[in-house]
Number of protein chains: 2
Amino acid sequence: MTDRNPAAGKPIRTAISDEDGIDFAIIELFFFAYRDFTSDPDQILADYGFGRAHHRVLHFVNRRPGLTVAELLDVLKITKQSLARVLKQLIDTDHVVQLQGPRDRRQRELYPTAKGRALALALARPQSRRIHAALEDTGAPERALVERFLEAMVNPELRAQIDVGSAKMSGKSHGEH
Amino acid sequence: MTDRNPAAGKPIRTAISDEDGIDFAIIELFFFAYRDFTSDPDQILADYGFGRAHHRVLHFVNRRPGLTVAELLDVLKITKQSLARVLKQLIDTDHVVQLQGPRDRRQRELYPTAKGRALALALARPQSRRIHAALEDTGAPERALVERFLEAMVNPELRAQIDVGSAKMSGKSHGEH
DNA sequence: AGATTATGTCAGTACTATTGACGTAATTTC
DNA sequence: GAAATTACGTCAATAGTACTGACATAATCT
């Protein structure tokens, strides 16, 4: 079991590379960058007994206060059952509160508490520091370019979810009617 | 349980935003971009009964043929036990072969087979297409800039793992001595 | 009144990851 | 040459995140 299986294919000894027209360099960089990018908050979350899923929920509840459960599911692209445990824990620990929807009382609007806002900021801080440092290394005016690249990496039909525009408006969340 | 818990904190109704000096826009974009970036190969992997872990192993075995198990663990930053099942499946399905290390017979050098190389390419193709499309949207000369940004996002002490340099050299993997 | 919608919950499962322990073979150190 | 270390494999137990499918309740819409 240690050596070659005679029935198995022969080992290929040359490295795959960009020559195949495939952009392995950026594929790999993206993996490393995201791995380290998420490792910062992971450390903090561990102290709370939380995981990455809690972070994502906390992030979007803070970014779009008052979003409903259905909207949150749509943004995270996970199922109701996956969200349930995580959301329940965040509510039980007083990071998030639910309010009955004003127009439709079936809906539950999700809001951060002061505690939830503080944690969201604490989690975002090291990530933001990393981004700033990376942009400094790269050059100041490139920020918009990186934003445009990342946005272009998102599935076109899902770009509506992104709040880059509204991130510049302080206060209100997305398209309130 | 539906409405407010009287003991709970009050809901905060204003959105968190970049005004706090935190770069929420890019934090969020990075999440969306990576989510969609990984969704492409996930579809293909499902047909093989594989998951994301298989993809990562396959990627690095193709990028650096002959790397040892210990090196792979170091790159992936996971434990031996997490790797074991995944690697075993890839070997059993003839995507990867193990060869006894020539200098140190305790080591197992990992190589892709033709089958493993083909799958790695198939998985990378949609990701590469996405990157190319995003760079086109952004502007051609920005490729190097995006690379530099992503590289700067990686923990400095781990940049050694990155193969951007050797990606430009065709054929050989990393520092063969 | 009946259908649909929004949410919550239960049961069962899968994948990826963890820690800790132990075994074996090969290499290095003394 | 004996002892320690290293590289790898494996076993057991557990955790976090995700899934599908089913079902219940309350509110809204038709």
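Computed from a predicted structure; not experimentally measured. Chain letters run A, B, ... following the sequence lines, proteins first, then strands; residues in each count from 1.
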Atom-pair distance (CZ on B/R35; P on D/dA18), nearest Å = 12 Å
Taking the nucleotide of DNA chain D with the closest heavy atom to each, which residue, B/D104 or A/G49, is nearer the 5' end?
-> B/D104
Take atom CG of A/L45 and atom C1' of C/dT18, then tell me their distance rounded to the nearest Å.
-> 16 Å
For atom CD1 of A/I91 and atom C1' of C/dG8, their distance in whole Å = 11 Å
Taking C-beta and beyond as the side chain, do B/L158 and A/D36 meet within less than 4.5 Å on heavy atoms?
-> yes
Any side-chain heavy atom of B/R108 within less than 4.5 Å of one from B/L99?
-> no
Candidates C/dT7, D/dA18, C/dG8 - which lies nearest the side chain of A/R56 = D/dA18
Quick one: B/Q100 CD to D/dG9 C1', roughly how many Å, whole number?
-> 14 Å
Most 5' of A/P102 and A/G51 on DNA chain D, judged by nearest nucleotide | A/G51
Hey, does the Lys NZ or Arg CZ of B/R13 hover above the aromatic six-ring of A/Y111, less than 6.0 Å from the centre and inside 45° of the axis?
-> yes
Out of C/dA26, C/dT7, C/dT16, which nucleotide sits closest to the side chain of A/A70?
-> C/dT7
Distance test, side-chain N/O of B/H54 to OP1/OP2 of C/dC15, below 4.0 Å | no
Would a line drawn from the ring center of A/F37 to the ring center of A/F32 be shorter than 6.0 Å?
-> no
B/E109 atom CD is separated from C/dA26 atom C1', nearest whole Å, by 15 Å
Presence of donor-acceptor pair under 3.5 Å, side chain of B/R106 and base of D/dT6 = yes
Could you state the CD-C1' distance from B/Q43 to D/dC19, rounded to the nearest angstrom?
-> 15 Å
Should B/R105 be listed as having a side-chain N or O under 4.0 Å from OP1 or OP2 of C/dT27?
-> yes
Salt bridge flag under 4.0 Å for residues B/R125 and B/D40 = no
What's the CZ-P distance between A/R52 and D/dT17, to the nearest Å?
-> 9 Å
Whole-Å distance, A/L99 CG to C/dT7 P, equals 13 Å
Common cluster, B/M153/A/Y34, ILVMFWY with side-chain heavy-atom separation under 4.5 Å = yes
Do any of residues 76-87 of chain A sit with a heavy atom less than 4.0 Å from DNA chain D, and if so which?
-> A/K77, A/I78, A/T79, A/Q81, A/S82, A/R85
Is it true that A/E28 and B/R56 make a salt bridge, defined as a side-chain N closer than 4.0 Å to a carboxylate O?
-> no
Kindly point out which of D/dG9, D/dC8, C/dG8 is positioned nearest to the side chain of A/Q98?
-> C/dG8
